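This structure is a prediction, so every number in the text was calculated from the model and none was measured.
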Amino acid sequence: LDPKAENLGVSVSDIYQVLAYAHRYATSLAVLIYPHRRVLGPPGLQREFLVRGEDDDAIRVRVFTVDLSSLEAVASQLGRICTDSGDGAH
């Protein structure tokens with residue numbers, strides 16, 4: 001990820017893939033998780049995109065990072081991502 005890039009450097013193919021999953025599972029929320037880099041600031045939510053479809057349905061794509069420097073802490077970070085993303089979106 002690149003904090004200077006307009007879309008944080010998230011690849012178009014990653015967005016397409018997560019949108020395909022969101023469509024398949026009929027959810028309005030999709031999450032991308034990447035390894036954290038210090039240049040991004042603290043780990044966690046880095047960016048959020050709203051992608052509108054042809055029929056004006058919108059899918060919210062949230063981009064999170066996880067600090068892999070302490071593998072013991074990864075499970076709790078992923079738990080926080082699930083909690084932060086579990087806003088009842090369907």
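At a threshold of 4.5 Å between non-hydrogen side-chain atoms, the residues F49 and I59 do not count as touching. Residues V66 and V74 meet the side-chain proximity criterion, which asks for heavy atoms closer than 4.5 Å. Contact of the T27 side chain with the Y21 side chain is not registered, since no non-hydrogen atoms from C-beta on lie closer than 4.5 Å. Using a 4.5 Å cut-off on side-chain heavy atoms (C-beta onward), L78 and I33 make contact.
Partners of Q77 according to the side-chain hydrogen bond (donor to acceptor under 3.5 Å, both in side chains) rule, which considers only residues two or more places apart in sequence or in another chain, do not exist here. Remark: Q17 engages no residue in a side-chain hydrogen bond (donor to acceptor under 3.5 Å, both in side chains) (not counting sequence neighbours). Under the side-chain hydrogen bond (donor to acceptor under 3.5 Å, both in side chains) criterion, E72 pairs with S70, sequence neighbours left out. Under the side-chain hydrogen bond (donor to acceptor under 3.5 Å, both in side chains) criterion, D57 pairs with no residue, sequence neighbours left out.
Counting all heavy atoms, side chain and backbone alike, P43 lies closest to T65 at CA-OG1, 3.4 Å. Across every non-hydrogen atom of A22 and A30, the tightest pair is CB-CB, 4.2 Å. Nearest approach of F64 to L45, heavy atoms of both residues: CD2-N, 3.3 Å. Closest non-hydrogen pair, Q46 versus L40, comes out as OE1-O, 3.3 Å. In this structure, E48 and R60 approach most closely via the heavy-atom pair OE2-CD, 2.9 Å. Between P3 and L1, the closest heavy-atom pair is CD-O, 4.0 Å.
When each of L29, L32, V31, D14 is tested with V61 by the rule side chain to side chain contact (heavy atoms under 4.5 Å, CB included), just one qualifies, namely L32.
Pairs engaging residues 17-43 under the salt bridge (Lys or Arg N to Asp or Glu O under 4.0 Å) rule: none recorded [sequence neighbours left out].
Counting side-chain heavy-atom gaps under 4.5 Å among Ile, Leu, Val, Met, Phe, Trp and Tyr, the cluster of Y16 also holds V12.
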